[in-house]
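Everything numeric here is computed off the predicted structure, so don't read it as measured data.
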Amino acid sequence: MKKAALILGIMFLILTFAGGGYVLIEHGEVNAGYAAVPGIWTMICFGYYRSKK
């Protein structure tokens with residue numbers, strides 16, 4: 001389960017940066033949730049990974 005949390009955390013981190021890039025490319029006219037929602041899941045996954053370490 002610990003390894004799955006790490007893999008999911010990395011995937012969500014990539015999605016966070018991709019969403020942030022999309023928001024910047026569109027000059028902030030799209031919803032910032034494209035970056036915020038995966039960012040929250042990133043923190044959850046990495047928090048779980050660190051607690052099991």
Taken in chain and number order and not counting sequence neighbours, the residues that satisfy side-chain contact (heavy atoms from CB on, under 4.5 Å) with F12 are L8, L15, P38, W41, T42, C45

Sorted by chain and number, sequence neighbours left out, ring-ring contact (aromatic ring centres under 6.0 Å, His included) with Y49 holds for none

Checklist entry - Does NZ belonging to K52 count more than 12 external heavy atoms closer than 6.0 Å? => result no

Cluster membership besides Y48, Ile/Leu/Val/Met/Phe/Trp/Tyr side chains within less than 4.5 angstrom, sorted by chain and number, is M1

Residues passing the side-chain contact (heavy atoms from CB on, under 4.5 Å) test with I10, sequence neighbours excluded, are L6, I14, F46

Looking only at heavy atoms, the pair that brings A35 and G20 closest together is CB-N, 3.5 Å

Across all chains, not counting sequence neighbours, the ring-ring contact (aromatic ring centres under 6.0 Å, His included) partners of Y22 are Y34

